[in-house]
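The block underneath contains the structure these notes are about, expressed in structure tokens.
Chain naming here is simple, since letters A, B, ... match the order of the sequence lines and numbering starts at 1 in each. Reckoned from all heavy atoms, side chains included, excluding hydrogens, waters and symmetry mates.
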Amino acid sequence: MKSLQPFTKQVIRIIQNIPPGKVMTYGQIARLAGSPRSARQVVRILHSMSEKHNLPWHRVVNSKGEIGIKEEEFFLVQIMSLESEGVEFSKNNKIDLELYQFTPFYN
DNA sequence: ACCCTGACCGCGT
DNA sequence: AACGCGGCCAGGG
């Protein structure tokens, strides 16, 4: 993973460092990686590079604490993965970010 | 009209 | 054929 762009490398590193039982948001990761408006790029990286770089993709949610993924199969996998780490969901499948958001430095 | 968010999608390597 | 890049910009509040 040497020839990757700096932003891409940062995003991968940040995601790899999210501890179990914690989550980060797309925008938060983009900000930390140095490109505040590039949440969409984070989505892209998550979507296409999770397996190769062994990313805990299930620990990334949207800014409201919801699962961003639409496909039912992976949607359920994500919820189950997080629940197995102790993350609790409300009945409308939402996470309390105050409780579970991981903030490495500060935003 | 402005600010924030986003599991995109088509192309080049 | 597969993989990484774009670092914007469309859509909603």
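Straight-line distance from the NZ atom of A:K52 to the C1' atom of C:dC5: 13 Å, rounded to whole Å. A:I45 places its CD1 atom 17 Å from the P atom of B:dC9, with the value rounded to the nearest Å. In this entry the distance linking CG of A:N62 with P of C:dG12 reads 15 Å, nearest Å. Atom P of nucleotide B:dC8 and atom CZ of A:R40 are separated by 8 Å, given to the nearest angstrom. If you measure from atom CZ of A:R31 to atom C1' of B:dC3, you get 13 Å, rounded to the nearest angstrom. Remark: P of B:dT5 and CG of A:L97 are 11 Å apart, rounded to the nearest angstrom. Between A:L4 atom CG and C:dC3 atom P the separation is 13 Å, expressed in whole Å. A:R37 has its CZ atom 11 Å from the P atom of B:dC3, to the nearest Å.
Phosphate contact (OP1/OP2 of C:dC5, side-chain N/O of A:T8, threshold under 4.0 Å): present. Residue A:S38 places no side-chain N or O under 4.0 Å from the OP1 or OP2 atom of C:dC8.
Of all non-hydrogen atoms in A:I95 and A:F89, the two that sit nearest each other are CG1-CE2, 3.5 Å.
Residue contacts for A:F7: at a heavy-atom cut-off of 4.0 Å it reaches a base atom on one of the strands shown.
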Q: Report the C-alpha distance between A:H53 and A:I15 in whole Å, list the side-chain angles of each, state the deciding distance to 0.1 Å, and finish with yes or no for side-chain contact (heavy atoms from CB on, under 4.5 Å).
A: CA-CA 10 Å; A:H53 295 279; A:I15 295 174; over 6 Å; no

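Inter-residue side-chain proximity for A:N93 and A:I67 is flagged as unmet; no heavy-atom pair is nearer than 4.5 Å.
Cluster membership for A:F75 and A:M80, using ILVMFWY side-chain heavy atoms within less than 4.5 angstrom, is not shared.
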